[in-house]
Amino acid sequence: IHPTAVRRPHAIVVQSENTSYSDEHITASFHNRGAEVTISNGQYVVNPTVQSFEFQTKRTPSKTGLMMIGVGGNNGTTLCATILANPSQHQLPLFVSGTIPPLERTSTVPISDVLPMVHPNDLVLGGWDISGLPLDKAMERAQVLDYDLQRQVVPHMALLGKPLPSIYYPDFIAANQEARADNLIPGNDKQAHLEHIRADIRKFKEDNGLDRVVVFWTANTERYSDIVPGVNDTADNLLAAIKSSHSEVSPSTLFAVAAILEGEPFVNGAPQNTFVPGVISLAERHQSFIGGDDLKSGQTKLKSVLAEFLVNAGIKPLSIASYNHLGNNDGHNLSAERQFKSKEISKSSVVDDMVDANRLLYKAPEIGPKGVPIGKGEHPDHIVVIKYVPAVGDSKRAIDEYYSEIFCGGRSTINIFNECEDSLLATPLILDLAILTELLTRVKYRKISGEAKAEEFAPLYPVLSLLSYMLKAPLVKPGTDVVNSLNRQRNALESFLKACIGLESNSDLLLETRIW
Ligand code: NAI
Ligand code: DG6
């Protein structure tokens with residue numbers, strides 16, 4: 001299934017005193033430059049800051065498995081089929097197979113050459129589904145890929161067999177999914193379910209000789225879990241709530257806890273609040289990586305670019321109305337109110353920081369007597385509508401209207417209509433997320449302070465906010481700001497990759513082109 005093709009050798013070697021190579025590691029020093037800004041006597045007072053770091057990246061990618069929860073769905077089967085259909089390892093349209101901006105004026109380099117990364121074809125695929133349909137049949141059920149491609153890949157998909165049985169708590173997904181749920185881990189004991197999932201991860205790792213397993217939620221969107229003090233607000237409370245099979249522990253949270261306890265990264269590709277505060281604390285305690293939420297595939301991705309462009313250009317969106325209809329099983333599940341609500345939240349948050357960043361255009365919130373802002377301040381009207389229309393299957397149709405105020409009180413209306421196979425946008429994001437997540441587990445850092453003895457290298461903070469570029473409602477370190485701007489998210493990711501080999505962040509200054 002995976003004939004080995006000739007791979008490009010690791011192509012970039014940085015020759016600098018900032019960067020050193022051993023057989024095992026790339027070590028690079030990096031100066032993180034920023035500024036402290038205060039307002040004094042009506043003036044912004046800016047003090048430039050610099051903190052020096054060393055990054056150490058393990059050079060050999062881990063032998064990595066990708067275990068998808070919901071592997072029998074449209075995204076899961078499309079991902080398996082596209083990997084199996086690509087034995088000659090053609091370039092896939094991924095972030096990691098794109099290029100990074102010029103290291104000098106003209107040369108771009110492939111992102112996957114900046115640091116060693118797992119090749120998509122080397123991911124060992126597996127996972128769980130509450131539907132027991134074998135994956136070849138599940139691919140046919142999904143009706144995403146062209147008939148002829150399905151026909152060619154069916155025998156390979158058949159070799160993947162049936163998904164592992166999963167956990168099903170009917171209260172969390174739409175009632176219309178019940179007919180699918182025929183492949184279940186028996187019983188209602190959540191502690192036993194947790195042990196079962198942990199054993200599945202260990203077995204998959206062992207059977208396939210893996211060093212790393214990325215556990216990925218691409219199952220149905222769940223309703224939000226209530227945050228209940230004493231239940232899911234701390235790591236210990238959450239573990240106790242699982243022991244007592246508390247009704248507010250969702251399947252996705254249980255999978256996240258299983259991955260964390262196994263020391264394997266977990267990524268949430270759906271919008272629900274899997275990462276209740278207890279999960280984040282548990283990940284911190286075990287230094288285990290998590291990332292989410294919700295794949296940012298089409299409408300929201302464009303919105304994060306367009307809204308930023310409009311606001312930065314001084315064009316003031318007064319309303320953004322986003323409508324879409326689709327006919328796949330995701331759409332069916334989202335036709336239920338509570339599951340739609342989860343998606344509505346993740347699709348709606350994307351313009352917040354751009355509006356907050358320009359309080360010249362939008363009025364800031366009033367400040368109350370104790371210095372606390374009242375409300376959110378001025379904001380465009382923003383609505384999100386999703387309708388289920390079975391006939392169109394996976395081919396989502398999305399309409400967006402941006403109605404804005406322009407110069408001299410004029411009005412501008414931009415209408416966008418997009419038609420596209422939803423799962424063909426989502427699948428590459430899952431691959432990118434799995435590949436980048438594996439990479440980030442191999443990067444360590446330490447602070448360098450003057451002449452002081454260097455600290456030990458430590459892993460990155462468990463919430464992998466560097467994955468934001470692929471996610472609609474990025475999970476970030478508690479207490480830090482969410483960045484929704486697609487350009488800034490990409491710049492952060494590229495700058496981080498370059499920092500790991502001792503290169504400065506991206507600059508479009510191109511000074512040599514501006515001077516004699
Ligand atoms: P799908 O409905 O085709 O697949 C979901 C699969 O999850 C189904 O096979 C279902 O049986 C299974 N499932 C449900 N609960 C489960 C559980 N507890 N354990 C194991 N399996 C379970 O949906 P699709 O299109 O593959 O999307 C998957 C998720 O990704 C959805 O939550 C969707 O909202 C999200 N998403 C999808 C995007 C897209 O463009 N397709 C983009 C952004 C997010
Ligand atoms: C319809 O909104 C179904 C959803 O699952 C979306 O297709 C998915 O979340 C992708 O959304 P977007 O806004 O990134 O295109």
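Just so you know, ligand 1 is whichever comes first in the structure, and atom 1 is the first atom listed for that ligand. Heads up: numbering here begins at 1 and tracks the sequence. If you're wondering where the values come from, they're calculated on a predicted model, not measured in any experiment.
The shortest N/O to N/O separation between R141 and ligand 1 does not fall below 3.5 Å. At a 3.5 angstrom cut-off on N or O pairs, Q177 does not count as close to ligand 1. Close N/O approach between G73 and ligand 1 is found [any backbone or side-chain N/O within under 3.5 Å]. Geometrically, ligand 1 and D422 share a nitrogen or oxygen pair separated by less than 3.5 Å.
Residue K343 places a heavy atom less than 4.0 Å from ligand 1. The shell of residues lying under 4.0 angstrom from ligand 1, judged by heavy atoms, excludes N333. Within the structure, ligand 2 has S297 among the residues with a heavy atom less than 4.0 angstrom away.
For the pair K387 and F340, the NZ or CZ position fails the cation-pi test of under 6.0 Å to the six-membered ring centre and within 45 degrees of the ring normal. Because its NZ or CZ atom is both nearer than 6.0 Å to the ring centre of Y469 and within 45° of the ring axis, K301 counts as a cation-pi partner of that residue.
Proximity annotation for atom 44 (C) of ligand 1: of D294, D330, D182, D294 comes nearest, heavy atoms only. Considering each of G269, A270, A219, the one bringing a non-hydrogen atom nearest atom 29 (C) of ligand 1 is A219. Comparing heavy-atom distances from atom 13 (O) of ligand 2 across T300, N324, L425, N220 singles out T300 as nearest.
A distance-only check finds no donor-acceptor pair linking the side chain of R180 to the backbone of D129 [under 3.5 Å]. Looking only at distances, a side-chain donor or acceptor of S468 sits under 3.5 Å from a matching main-chain atom of S465.
Under 4.0 Å from ligand 1, the heavy atoms of S166 that appear belong solely to its side chain. Only the side chain of L334 comes within 4.0 Å of ligand 2, judged by heavy-atom distances. Contacts between K303 and ligand 2 below 4.0 angstrom, taking non-hydrogen atoms only, are absent altogether. The residue F216 has no part lying near ligand 1, judged by heavy-atom distances below 4.0 Å.
Note that CG of L302 is 8.0 Å distant from CG of N418, once rounded to the nearest 0.5 Å.
Residues G278 and L238 approach most closely at C-CD2, 3.8 Å, considering heavy atoms.
Between the side chains of N75 and T218, at least one donor N or O sits under 3.5 Å from an acceptor N or O.
The closest protein non-hydrogen atom to atom 39 (C) of ligand 1 is A426 CB, 3.4 Å.
Between Y169 and H193, the ring centre distance stays below 6.0 Å.
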